Amino acid sequence: MKYYSTKDQARAQAFSLREAVQAGLAPDGGLFVPERIPQADMAVAERLAGESYAALAGYLAGLFFGDDIDPALLQREMERIYDFPLPLRRVGSRYTLELFHGPTFAFKDYGAGFMGRMVGLLGGGDGKPVILTATSGDTGSAVAHGFHNVPGVEVVLLYPAGKISRLQECQMTTLGGNIHPLRVAGTFDDCQRLVKEVFADKAFRARHRVSSANSINLLRWIPQAFYYFYGYHLWRQATGGDRPVIVVPSGNYGNLSAGMLARRMGLPLGGFVAASNSNDVVPEFLRTGDYRPRASVRTLANAMDVGAPSNFERMLWLCGDDPEALRGELAGFRCDDALIRRTIDELHRNYGYLSDPHSAVGYAASTASGKAGFYLSTAHPAKFGEVISPVTGAAVPLPPQLAELSRRPRTSEPMEADLGALEAFIAGV
Ligand SMILES: *Cc1c(COP(=O)(O)O)cnc(C)c1O
């Protein structure tokens, strides 16, 4: 399988999987997409979903990556990555697919875990790859866990000292081994700027194989299509219905665009609801036909605080670059902070169900839409106790793995927000 940039409509420049993964973003600024979308045999997919998530994921991954990675090896890796449950639960009158039972308790584990193991298998090139990522919390922990103990790969994570939650810091700094967290004297913007400066330093990059693991990377995007197949299977078993509409709490639209990819692989869905917080550029586009990216505003569902979603281009590409087709496929819903709080409260009071603020956006959109289907839950409530507790009046219990983590020794290196210091560190890992 070859990959092209979304901006390269003439298909002038093809990239191998390894090249596309290492570059992250195409040289023309577009996003990588596959040369064709492989078709899944739904009878096979349903049978494998009945076996395990790993069996299903191995089959679907093989359709994309079977030429680059031995399918038997791919299957073995799936069993290592996806060794946690993925339940469909009934919440009130709705269903939700709980994507938050992975190692860092958020759905980003599905993409980051996959990318970590695949980068290890792809190998090749000169020198040891170094994955460099700036994080304000969630991405860093998912990447750290996804790449932990992957042979031959080192991971350098930059986070702003004193500006992330204790739990998030624990998730990044208690692994050790090939994971190197740096607590930077500065803000998240300083961390991001430093990473950009390293990527812009051609002389340094000629000597060191640095790449990023951000959410637009092909190896984080494609595996997110697989859980739509699994959710479909569970929902059909539970309800006997067909063509479910899937509600996706969205920020950068990696998750939702992966659902659209699943549909084009042959998954018979009824459509999607793009559920946003107050950063509603996409719902606004669906309503008015005008796409107006802008600066983001802070909300309670902060992992969705994105004002210019990178994957909008992939969604358009999946619709043959026809904005009207995209408007036909998605419905939109906007959920402000007041409604997020009300929803968390309602779910707790009526059903005794604790919902994190991102998943609450999904529930609110799902009840408003009223269509048969399910919504995606993207984070575990224990990660957002500081939002939930003031609403419900009770502490949110920590799962044992998270409680245990906070007792482990933490290690990270302090660093000034300085390019020279960062490059010296990378050269030394
Ligand atoms: C990243 C994230 C989202 C948004 O997902 P996108 O793919 O960026 O749309 C939603 N919820 C949680 C908890 C997240 O971490």
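Here the structure is a predicted model, which means the values were calculated and not measured. In listed order, ligands and their atoms are each counted from 1.
- Contact shell of ligand 1 (protein heavy atoms, cutoff 4.0 Å): Phe107, Lys108, Asp138, Pro249, Ser250, Gly251, Asn252, Tyr253, Gly254, Asn255, Ala303, Met304, His358, Thr378, Ala379.
- Distance alone, capped at 3.5 Å, places no donor-acceptor pair between the Tyr363 side chain and the Tyr375 backbone.
- A ring-centre distance under 6.0 Å is found for Tyr53 and Tyr230.
- Applying the ring pair (Phe, Tyr, Trp, His ring centres under 6.0 Å) test to every pair with at least one member in residues 257-294, sequence neighbours left out, gives these pairs: Phe285-Phe312, Tyr291-Phe312.
- Salt-bridge formation is detected for the pair Glu98/Arg89: a Lys NZ or Arg NE/NH1/NH2 atom is positioned less than 4.0 Å from an Asp or Glu carboxylate oxygen.
- For residues 153-191, there are no ring pair (Phe, Tyr, Trp, His ring centres under 6.0 Å) pairs, not counting sequence neighbours.
- Partners of Glu413 by salt bridge (Lys or Arg N to Asp or Glu O under 4.0 Å), not counting sequence neighbours: none found.
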